[in-house]
There are 2 protein chains.
Amino acid sequence: MTTTKRGRPRSFDRDAALLQPTLLFWQHGYEGTSVSDLTAAMGISPPSLYAAFGDKRTLFVEVVDRYGDTFGAFMNKALDDASDTRTGFAGMLEAAAVSYTDPHHPAGCLVITAATNYSTQTADIKEDLRERRVANVRSFEGRLNTARAGGALPEGTDTRALAVYFAAVVQGMSQQARDGATTAELQQVAEFAMAIWPEPAP
Amino acid sequence: MTTTKRGRPRSFDRDAALLQPTLLFWQHGYEGTSVSDLTAAMGISPPSLYAAFGDKRTLFVEVVDRYGDTFGAFMNKALDDASDTRTGFAGMLEAAAVSYTDPHHPAGCLVITAATNYSTQTADIKEDLRERRVANVRSFEGRLNTARAGGALPEGTDTRALAVYFAAVVQGMSQQARDGATTAELQQVAEFAMAIWPEPAP
DNA sequence: CGAATTCCATAGCGATCGTTGTAAAATTTC
DNA sequence: GAAATTTTACAACGATCGCTATGGAATTCG
């Protein structure tokens with residue numbers, strides 16, 4: 001028994017409209033993007049934005065969540081799909097090199113760059129993104145632990161340090177992409193970074 | 001024939017007063033730091049700040065210049081002081097691990113983080129910092145070229161890619177420091193990163 | 001001393017920030 | 001068609017932004 005929704009219908013596709021805020025927050029960050037910028041890019045008025053998405057913070061969090069499921073999904077996908085942990089990390093770095101320099105969207109990673117500058121009022125936003133990055137490092141560490149337990153890494157491997165290393169490389173690639181590095185340059189960086197991986201036991 | 005300056009003397013030490021803006025911009029970034037934040041931390045009123053330092057942009061640029069000569073000087077110092085290029089880069093990464101996690105000042109590097117989020121009005125500020133980072137990559141590349149010419153690196157070494165790699169590692173370490181990585185963890189990252197260096201000819 | 005000069009704090013400028021009150025427009029229900 | 005409901009655009013809210021006009025306080029010169 002579903003009845004059609006009453007009242008004036010929304011004049012825009014809520015889901016499709018999320019793309020513009022994503023691109024703006026990605027390029028300029030949370031504080032660098034004003035509500036006026038958002039409404040202008042989306043072609044709607046402020047009350048429509050607030051009715052559909054809540055306030056600026058709520059919209060931002062929804063954008064970040066969605067980013068993780070779309071533009072940012074390559075990371076876990078590469079790690080999950082690989083046959084072994086080593087090629088998983090190698091594929092993840094390679095995918096980052098391509099994604100971070102894709103000309104169809106802003107350079108780098110939204111989660112890394114969108115809230116590095118923050119006033120006192122927006123400290124919770126930067127904290128939200130920080131926690132996501134920290135969780136990602138821990139995810140790396142977990143995968144490396146599994147690999148070590150399975151014999152794919154030497155017993156004494158410091159998986160924590162290795163996880164921080166890979167996270168740093170990814171974040172450095174994001175920064176380099178924003179500074180103008182090319183896809184080929186970042187692919188070289190990705191390849192260089194894998195030199196750290198301990199030789200597989202023969 | 002120097003005559004004493006007339007008029008009411010300045011009530012604060014201009015040079016010493018620069019530290020507070022440095023720490024604020026370092027922690028919160030250009031747009032995340034308001035003039036009100038600055039004057040409150042410096043203990044002076046807005047007209048005093050504008051008379052002594054010009055507008056917010058001018059103050060920021062002076063802060064960045066000064067940062068390069070003080071907190072950020074470790075980088076070129078480590079590279080310059082080393083006996084060979086390899087230990088130079090190793091020492092630079094090691095110094096970054098220590099400096100970026102020094103509890104006496106904000107984590108990470110001001111040049112990397114202080115203007116990643118920017119509105120249309122402050123695009124020139126982010127561009128200024130970007131150019132400084134790009135210049136730094138080129139400086140890396142120049143040092144690596146010298147090393148290759150001197151036989152310290154194999155003839156076929158892609159020094160450009162290697163420079164981008166080291167820049168990415170440094171920037172990733174800065175990000176990790178801001179996210180809470182410890183000195184020891186970053187020192188491990190620095191050590192890992194040097195695994196890329198080609199074996200010296202015997 | 002008075003005059004000139006320089007810096008100080010108060011207070012407020014216009015612009016923009018994120019957000020919302022109001023009322024008209026557009027739809028479904030009855 | 002009338003009532004109910006939801007979205008729309010216009011306009012404006014208080015707060016904060018970067019910045020400055022004004023006038024008093026503190027110093028040196030003559």
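Just so we're clear, the structure is a prediction, and the values are computed from it rather than from any experiment. Proteins get letters first, then strands, A, B, ... in listed order; numbering begins at 1 in each.
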Lys/Arg-Asp/Glu bridge criterion (N-O < 4.0 Å) met for B/R138, B/E131: no

Within 45° cone of B/F12 ring axis and under 6.0 Å: B/R10 NZ or CZ: yes

Give every donor-acceptor pair under 3.5 Å between a side-chain atom in residues 146-155 of chain B and any protein atom, sequence neighbours left out.
unit_1 : atom_1 : unit_2 : atom_2 : d
B/T146 : OG1    : B/G142 : O      : 3.0
B/R148 : NH1    : B/T157 : O      : 2.8
B/R148 : NH2    : B/N145 : OD1    : 3.1

From A/Q176, A/Q175, A/R178, residue fulfilling side-chain hydrogen bond (donor to acceptor under 3.5 Å, both in side chains) relative to B/Q171: A/Q176

Gap between atom CE of B/M75 and atom OG of B/S139 - 0.5 Å precision: 9.5 Å

Spacing of CG belonging to B/L18 relative to CZ belonging to B/R66, to within rounding of 0.5 Å: 5.0 Å

Protein-nucleotide distance (A/R10, atom CZ; C/dT28, atom C1'), rounded to Å: 17 Å

Interatomic distance where CZ belongs to B/R8 and C1' belongs to C/dA4 [whole Å]: 16 Å

Phosphate OP1/OP2 of D/dT8: any A/S48 side-chain N/O under 4.0 Å: yes

Nearest to side-chain heavy atoms of B/R6, which nucleotide of C/dT6, D/dT6, D/dC29: D/dC29

Sugar-phosphate only, base, or nothing, as touched by B/P46 at under 4.0 Å among non-hydrogen atoms: base

Phosphate-side-chain proximity, A/S11 and D/dT8, N/O vs OP1/OP2 below 4.0 Å: yes

Ring center gap for B/F140 and B/F89 short of 6.0 angstrom: yes

First of A/P47 and A/Q121 reached from the 5' end of DNA chain D, by closest nucleotide: A/P47

Along DNA chain D (nearest heavy atom to each residue), the more 5'-positioned of B/Y50 and B/P9: B/Y50

Interatomic distance, B/R14 CZ vs C/dT6 P [rounded to whole Å]: 17 Å

Length of the CG-P vector between B/L49 and C/dA9, whole Å: 12 Å

Nearest-nucleotide 5' precedence on DNA chain C, B/S45 against B/G7: B/G7

Near-strand residues of residues 54-63 of chain B, defined as heavy-atom separation under 4.0 angstrom from DNA chain C: none

Electrostatic pair B/R57-B/D128, nearest N-O below 4.0 angstrom: no

DNA chain D contacts among residues 18-44 of chain B, heavy-atom distance under 4.0 Å: B/T33, B/S34, B/V35

Row check, B/Y30 ring normal vs B/K56 NZ/CZ: under 6.0 Å, within 45°: yes

